[in-house]
Each structure stands twice: as C-alpha cells, then as structure tokens.
Amino acid sequence: MKFVLAKARNAWLPAVLFLLFASLSVPPLFFGNPDTFWHIRLGQVMLETGKIVTNAVGSYAALDAPYVPHEAAFQVLAAWIYGALGWKGFLLLRLACDLLLWGGLIVMLHQAARERGGEIHPLSYAAAALLLAFVDMMMFTIRPQVVSIPLIVWAFVLIRSFQEKPSLGKVLLLGLVSMTLANFHGGVWPLLPVLWLMTLLERKWTGKHVLATAAIAAGGLLNPGGAETILYVLLVSSHPLTAEIPEWGPVPVTNPLFAGILLAYLWCMVRHAPRTLYHFALSAGILLLGMTAIRQFAWIALFLPYFLPVQSGARSRFAPAKRVAMAAAAAGVAGMLISTALAWISPLPSYEPSIPVREMAYIRETGADHPKVLAPYAASGYVFFSGGRILADGRFDPFVHDLARSPSGLTAAERSRLIFQGNTDLLWEEIETARPDFLIWPKKEEPAMRQAAKRTREKLGDPDFEGPYGYVWNLGK
C-alpha cells in the first residue's frame, strides 16, 4: 500500500517533464544567428580544400591576417550537416546535445546526492529540466556552445566521479573530453582545467591525479591551433570591442527569470552546499564567472543542480530513487523527441529583416564573382556564406590584427563598427581605398543611421536595390 501511494505521488513528475520538453520550441535565433553562416562557410572551405583555415579567408581587408582555428571541428561538422541534411539537419544536432545535457544533469544530481549521503528529491528533476530549458533557449544556436555546454557538464561529473574512485579509464576519458572540447570550442576549454585544479583543495591527489592532469593538458594541445586555441579566450575577453557585443554585456539582474535563477543559486550555495573549502571555492567561482556577462550566466544555471538540497533516504516518502530517475530520464527523452518532430514538420522561420537574404540574391544576379561587399558586422557572416568577400565578421581575431589596418590606422573591426554607427567620412574613405564592389546599408531607425543613410543617398545617388534588410549600391558599375 505504501509503495502504491509513493508511486502515485510521483506520477506527476514524468508527465510534467514530458510536457515541458515537448513544448520546448526552437530558440528564436537558432537558425538566424549571424555567426552561424561563417561557421558553416569556413567548414565548407575546409572540406573543399582538405586544409584547416588559418587566415581570414573571405575577407578583402584582412586576408593575410592569422585566424586561430579554435572551433574547427564544429565548423566541419556544421558544414557536413548542412550539406547532407540542410537546415533541418541542425534540429538533430540540437536534439543530440539536449539529450547529452539532460543525461549530464541527471548524473550531476545523483553525484551530489551520493556525495552528501542522501536521495534526490523529485522536484530536483523538475528544477534541472527548467534550467535546461532556460539554457537551451538562451544559448543553443548553431554555434560551438551547443556542443561545449554539455561537454563541460559531463567533464564536471567525471571529475567528481574521479575524486570518488580514481582509475586509468577515467584518466583516458578526461583526456578525450579535453581534446574534444579544444577542437570544438577552444574558448571554453580553460574552464575544464580550472574545475580540475580546484580538486587540489580536497587534498586527495594521488599518482592517478598527476596522470589525469597530464591527460587534460595533452588533450587540450591536440588541436590545429595548439596553445593559441586554448588561450583564445584571453584575447577575446580582454579586447575593448568585446564589450560592445550584446551577449558579452552585463547580466540583466532585473529580469525576473535571471533574478530567480540567481537567487535560487545563492540560496542553495549558502544553505545546502557542503561546508568544505572545495565546495565554497567551486560555488563562488561559478558565481563570479556567471556574473561577468550574459553568455556566462548559463554556467550558474548549469551548476545549480549540483547544489540543490537532497533528502534523507530514511525519511523519503517517494518511490525508490532509481525508479524515479528512470521515469524522469525517459519522460525527458520522449518530450525532446516530440519537440524535435514538431519542429521538423514545421516550416523554417524567415529571418530576412535581420539578414540580407534578398540583398545578396540581387548581388548574385548581377553576375559578380566573389564581390567585395561592405556590410555591417552582423550581416557579414551571411554575405561570406553567400559568396561575398567582407570587411569583418564574428571571427574577431584576424580583424583586430595589425595586418587588418587601413591607411588611417584603424583595424577592420574598428572600421566596420564605426562606419555602421553612422560615420560617413570613414565610409567614403573605405570606398576610396578598399574599393568594395557593393555597399549594403541596413534600414535602422536610430537618428544617426537615418542621417547617415540620407548622406549616402546624396553622395552615391539612389540605391540600386532595396530589400527587407536594407539598401544596396552597386559601386562597381
């Protein structure tokens, strides 16, 4: 009788998880993120040439500037998926990464409960599912983080498992995870050794820990860019232009969703985290990292399940923990499969107002072969993807290099930013010195941009084409 009642108490859990994941829609920018297009195009170049891209291929302003291939494996994978399955093939990538993340969060819950000698409360599965949905909607686009986020979660649970019982098999796994992370998303790789070295605070190191340290370091260096790849984040995070990228902006703590997750993390950190130096350093470190930028806030959400409260097994009123875990896992998987199936049979969203689709179609219709196209930073990824040569896009490092400087001394990234903030003097200089074949000017309502568009009309005449995104001038006719 008690078992039947306990089972009934948990009947809501799989139903809630199934409905949550089944209703998980595709994030608004999943297909339309500006960086997606140059990731795919770089992968296509690597598949076509059989060589890793190490320069600013596709740029008319910084062709010889070096590019650190810190995401090469993802770019090749993205190009292969696009070529084999088209845009909807990325729904399968998202499904695979969501499943990997869901499994990692469940294992994280079990690891935390085992370390603290308790059992997982069924509500913790629901909380983990909500946090996964938050991260999916906020971070999952066709970019490397869709792979690196679940990899970091699994790396963490592997580290905690290693602390319980070191083994040579886990040493090899840590090295493999390190190598995979460095090749798919080198910018995130430094988080792995930081999480690993924090275990020094537990004073449990053995000879196998030294081997694991060597495996993590060696795995990280086994990538096309070597040490530059795994240190790439230092360049990006320290450059002043990074602060102008929206996802590197401050965390919106007044947003109810962000505020709720932050308060839950602080509550669990103070009330339920084990009172050890390691756990304090871990929780405080994740908090500091997560508050540095919007995109880093995902780590607070992802590590919150590790600090959720556990219940005493002796006083549990619920069904056996293993049965609850299996039901939660199965319901989540079923919901994700339904969500993916619904997205697959639905038409793809149109992002034309934010991406110059028709504008580039017009340029291709002119017969221009790999034309130089002066377009905003956010649109240049699609321009490159569509066959144009661009001033600067999201690859960042080649466009802030000295080889990308113009006679005026500004880098390609600086010129791109200033021109499309309304600096028409710099626009005339770029047209005169770099001689682009086409100019794409976006339709924006900001006063500076409207005035700049007016001055451009006065200087160049009426545009040769007007599309949903903006105006196109054929400068080479």
Side-chain angles (χ1 to χ4, degrees), residues 27-39 70-71 131-146 148-149 152 185-191 194 232-266 284-304 351 353-355 375-382 391-397 399-400 410-423 442 444-449:
L29 272 180
F30 183 74
F31 290 110
N33 188 282
D35 288 352
T36 293
F37 302 101
W38 62 260
H39 278 304
H70 59 288
E71 299 158 334
L131 292 168
L132 182 150
F134 170 79
V135 171
D136 181 285
M137 297 300 289
M138 184 178 78
M139 295 295 294
F140 274 24
T141 57
I142 308 173
R143 293 197 295 169
Q145 51 261 49
V146 74
S148 62
I149 283 174
I152 285 290
H185 198 180
V188 171
W189 182 88
L191 185 54
V194 170
Y232 177 81
V233 69
L234 299 179
L235 167 66
V236 177
S237 60
S238 63
H239 201 281
L241 287 180
T242 300
E244 299 188 22
I245 301 174
E247 65 182 24
W248 285 96
V251 175
V253 292
T254 56
N255 180 296
L257 196 54
F258 283 81
I261 293 173
L262 179 59
L263 289 174
Y265 185 89
L266 291 171
I286 294 297
L287 178 64
L288 291 173
L289 173 64
M291 294 304 294
T292 57
I294 294 175
R295 64 176 290 159
Q296 303 290 30
F297 189 82
W299 301 118
I300 290 178
L302 291 168
F303 279 83
L304 176 53
Y351 294 102
S354 59
I355 294 173
Y377 163 89
S380 292
Y382 184 80
L391 172 58
D393 61 24
R395 282 172 279 179
F396 193 85
D397 53 314
F399 304 117
V400 298
L410 295 173
T411 65
E414 290 168 332
R415 297 188 327 263
S416 176
R417 176 177 62 90
L418 293 171
I419 287 172
F420 292 101
Q421 286 179 347
N423 189 327
K444 291 193 175 181
E445 294 301 318
E446 293 91 336
M449 290 295 288

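Keep in mind the model is a prediction, meaning the values are calculated, not measured.
Heavy-atom minimum distance, L289 versus Q296: O-CB, 3.2 Å. Nearest heavy atom pair, residue S380 against residue D393, reads CB-CB, 3.9 Å. Looking at every heavy atom in both residues, G187 comes nearest to H70 through N-CD2, 4.4 Å. Looking at every heavy atom in both residues, S416 comes nearest to A375 through OG-O, 4.4 Å.
Residues V253 and M291 have side chains in contact (heavy-atom distance under 4.5 Å, counting atoms from C-beta outward). A 4.5 Å side-chain heavy-atom check between I149 and F140 finds at least one atom pair inside the cut-off. Contact of the P442 side chain with the F420 side chain is registered, since non-hydrogen atoms from C-beta on lie closer than 4.5 Å. Using a 4.5 Å heavy-atom cutoff, the side chains of D35 and W38 are in contact. In this structure, the side chains of I300 and L287 come closer than 4.5 Å at one or more pairs of heavy atoms. The closest side-chain heavy-atom distance from P27 to M139 is not below 4.5 Å.
Ring centroids of Y351 and F31 are separated by 6.0 Å or more, keeping the two rings apart. F396 has its ring centre no less than 6.0 Å from the ring centre of Y232.
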Exercise for the section: Would you sort out whether W299 and L191 count as a side-chain contact (heavy atoms from CB on, under 4.5 Å), showing the intermediate values? Expected result: CA-CA 10 Å; W299 301 118; L191 185 54; 3.9 Å; yes
Problem - From CA spacing to verdict: salt bridge (charged side-chain N to carboxylate O under 4.0 Å, His left out), E247, R143 - result: CA-CA 13 Å; E247 65 182 24; R143 293 197 295 169; 2.7 Å; yes
Practice task
Report the C-alpha separation of V233 and W189 in whole Å, then their side-chain angles, then the decisive distance to 0.1 Å, and conclude whether the side-chain contact (heavy atoms from CB on, under 4.5 Å) test is met.
Solution key: CA-CA 9 Å; V233 69; W189 182 88; over 6 Å; no
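Expressed to the nearest 0.5 Å, how far CG of L302 lies from CZ of F297 amounts to 10.5 Å. Rounding to the nearest 0.5 angstrom, the gap separating the CG atom in D136 from the CZ atom in F30 is 8.0 Å. Here W248 contributes atom CH2 and I294 contributes atom CD1; the two are 11.5 Å apart, rounded to the nearest 0.5 Å. Note that the CD1 atom of I261 and the CG atom of L131 stand 5.5 Å from one another [nearest 0.5 Å]. Distance check: L262 CG to L257 CG gives 11.5 Å after rounding to the nearest 0.5 Å. Atoms CZ and CG, on R417 and L391 in that order, are 12.5 Å from each other to the nearest 0.5 Å.
For Q145 and S148, the side-chain atoms include no donor-acceptor pair closer than 3.5 Å.
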